[in-house]
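Side-chain atoms are counted along with the backbone in the values below, which use heavy atoms only and exclude waters and symmetry mates. Convention: sequence-line order gives letters A, B, ...; per-chain numbering from 1. This is a predicted model, so every value here is computed, not measured.
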Protein chains: 2
Amino acid sequence: MNIGDVARRSGLPAKTIRYYEDIGFIKPRRGANGYRYFDEKELHKLAFIGRARSLGFTIEDCRTLLALYEDEDRASADVKRVAKQNLAEIDAKIADLQAMRATLSHLIAECAGDHRPDCPILDDLAKC
Amino acid sequence: MNIGDVARRSGLPAKTIRYYEDIGFIKPRRGANGYRYFDEKELHKLAFIGRARSLGFTIEDCRTLLALYEDEDRASADVKRVAKQNLAEIDAKIADLQAMRATLSHLIAECAGDHRPDCPILDDLAKC
DNA sequence: ATAATGGTTCCAGTAGGTGGAAGGTCAAGG
DNA sequence: CCTTGACCTTCCACCTACTGGAACCATTAT
């Protein structure tokens, strides 16, 4: 498979796949013309990374998860630990965003949103 | 005031204040020794930006909001529009994160988390 | 032969700062 | 007067995870 096929099948942009090669996730062979050639295993790895990324795992998490995935003797506890850590980070981000959301939607509700200059949103931002 | 005083009073790191000067938010005068000198108005502006940033507004949003703040003839509708746009982005992020969270916490619940290698988390990531 | 498509490398830029080096300045204490 | 330590300066690099674009080579279809 060429990179375009892998891109289509994995759902990742070709640029991202090249980037993932740069940072060492995959090492596709090269054809005589210099083109990358991917086998099913590499496609699989890329899809794995793509799915992990979409669940909010960082690139470093992906390295760990891939290593665990390829380690037949892994303990599921190790995977669970990484996943729980990620969950905690997701929860922290949600909490942050919800706090912002609460403040902001309160301010929006208070703002008349008309032609006049008086604005509780600006008042709040400016308050010392 | 020197930059350290402003940092303490605004809650922003001195590095960030220098950065905000670089990108044109403030233009503090300089003393004979080259030190930046800040007046109350600049402190105020920095605090305004800090608060806006903590509510999730981008730097570009901050530029808009500051301009509105300094425009006596603004319409509160303009401020409200920026705020609503930001709220929509926050909501989109929360929704994304909650979708991740749901999938991930489901997988975590299914994983035994022991010494055995079987792991529904990896199975899910690997599934084509 | 040519055009469209797809591949390659490399460099730069994104957002919003943060870290660190190398060096100038100022106030207080011995 | 000198030193120490806290502050200040600039500049350059680095962070995450890509993304865009230029310049160029290869393949395929017409």
Side-chain angles (χ1 to χ4, degrees), chain A residues 1-38 42-43 45-46 48-66 85-86 89-90 92-93 96-97 100, chain B residues 1-38 42-43 45-46 48-66 85-86 89-90 92-93 96-97 100:
Chain A
M1 270 175 293
N2 286 337
I3 200 167
D5 306 309
V6 181
R8 269 181 291 282
R9 292 183 58 190
S10 69
L12 296 169
K15 278 254 167 187
T16 300
I17 295 170
R18 293 193 192 98
Y19 172 70
Y20 285 167
E21 179 182 5
D22 277 356
I23 63 174
F25 275 140
I26 45 164
K27 291 186 184 51
R29 281 168 300 137
R30 298 299 183 110
N33 53 12
Y35 286 19
R36 289 167 183 81
Y37 184 81
F38 298 84
E42 274 155 338
L43 168 61
K45 249 170 136 172
L46 288 166
F48 182 101
I49 297 165
R51 222 156 4 242
R53 293 282 305 121
S54 79
L55 282 175
F57 289 97
T58 65
I59 292 290
E60 284 315 302
D61 286 341
C62 289
R63 264 188 232 286
T64 308
L65 290 172
L66 258 182
Q85 174 68 35
N86 183 18
E89 277 156 25
I90 290 172
K93 282 181 202 156
D96 269 10
L97 287 167
M100 284 183 204
Chain B
M1 270 175 292
N2 286 338
I3 201 167
D5 306 309
V6 181
R8 268 180 292 281
R9 291 183 58 192
S10 68
L12 295 169
K15 280 252 166 187
T16 300
I17 295 170
R18 293 195 191 98
Y19 172 70
Y20 286 167
E21 181 184 4
D22 277 357
I23 63 174
F25 275 139
I26 45 165
K27 292 185 184 52
R29 280 168 302 135
R30 299 298 183 112
N33 53 14
Y35 287 18
R36 288 168 183 82
Y37 183 80
F38 298 84
E42 274 154 339
L43 168 61
K45 250 170 136 172
L46 288 166
F48 181 101
I49 298 165
R51 221 155 8 241
R53 293 282 304 122
S54 78
L55 282 174
F57 289 97
T58 64
I59 292 290
E60 284 315 303
D61 287 341
C62 290
R63 265 188 232 286
T64 308
L65 291 172
L66 259 182
Q85 175 67 37
N86 183 18
E89 277 156 25
I90 290 172
K93 282 182 201 155
D96 269 11
L97 287 167
M100 284 182 204

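Taking atom CD of residue B:E21 and atom P of nucleotide C:dG16, one finds them 19 Å apart after rounding to whole Å. In this structure, B:I49 atom CD1 and C:dG16 atom P are separated by 12 Å, rounded to whole Å. As rounded to whole Å, 17 Å separates atom P of C:dT25 from atom CD1 of B:I3. In this structure, the CE atom of B:M1 is 16 Å from the P atom of D:dC7, given to the nearest Å. Between A:F25 atom CZ and D:dT16 atom C1' there is a gap of 12 Å when expressed in whole angstrom units. Distance B:N2 CG to C:dC26 C1': 10 Å, rounded to the nearest Å. Spacing between atom CG of A:D61 and atom P of D:dT16 amounts to 12 Å, rounded to whole angstrom units. Computed from coordinates, the B:I17 CD1 to C:dG19 P distance equals 15 Å when rounded to whole Å.
Distances from the side chain of B:Y20 to the nucleotides D:dC8, C:dG17, D:dC18 place C:dG17 closest. Comparing C:dT8, D:dT9, D:dA17 by their nearest atom to the side chain of B:R36 picks out D:dT9. Counting only heavy atoms from C-beta on, B:R18 has its side chain closest to D:dT10 among D:dT10, C:dT8, D:dC18.
The line from CZ of B:R53 to CE of A:M100 is 8.5 Å long, rounded to the nearest 0.5 Å.
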At a cut-off of 3.5 Å, list every protein nitrogen or oxygen paired with a nitrogen or oxygen from nucleotides 28-30 of chain D, distance to 0.1 Å.
none

Polar atom pairs between nucleotides 23-26 of chain D and protein, under 3.5 Å, N or O only, would you list them?
from	atom 1	to	atom 2	distance (Å)
D:dA26	O4'	A:Y35	OH	3.3

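Contact between the side-chain N/O atoms of A:T16 and the OP1/OP2 oxygens of D:dT19 is found at a separation under 4.0 Å.
Between B:Y37 and A:K15, the residue anchored nearer the 5' end of DNA chain D, judged by the nucleotide with its closest heavy atom, is B:Y37. The nearest heavy atom of DNA chain C to B:A32 and to B:T58 marks one nucleotide each, and the one closer to the 5' end goes with B:T58. In terms of position along DNA chain D, the nucleotide closest to B:R30 lies nearer the 5' end than the nucleotide closest to the other residue of the pair B:R30 and A:E60.
The ring pair (Phe, Tyr, Trp, His ring centres under 6.0 Å) search around B:Y35 returns none, not counting sequence neighbours. Every residue was checked against the salt bridge (charged side-chain N to carboxylate O under 4.0 Å, His left out) condition with B:K93, not counting sequence neighbours, and none meets it. For B:R9, the salt bridge (charged side-chain N to carboxylate O under 4.0 Å, His left out) criterion is met by B:E40, not counting sequence neighbours.
Salt-bridge check for A:R63 with A:E60: passed, with a basic side-chain N closer than 4.0 Å to an acidic carboxylate O.
Within the 3.5 Å criterion, the main-chain N or O of A:L55 finds a donor-acceptor partner in the side chain of A:N86.
The end-to-end axis angle of the helix from C:dA1-D:dT30 to C:dG30-D:dC1, rounded to 10 degrees and based on five pairs per end, is 20°.
Residue B:I23 is classed as having no contact, given no heavy-atom separation below 4.0 Å to the nucleic acid.
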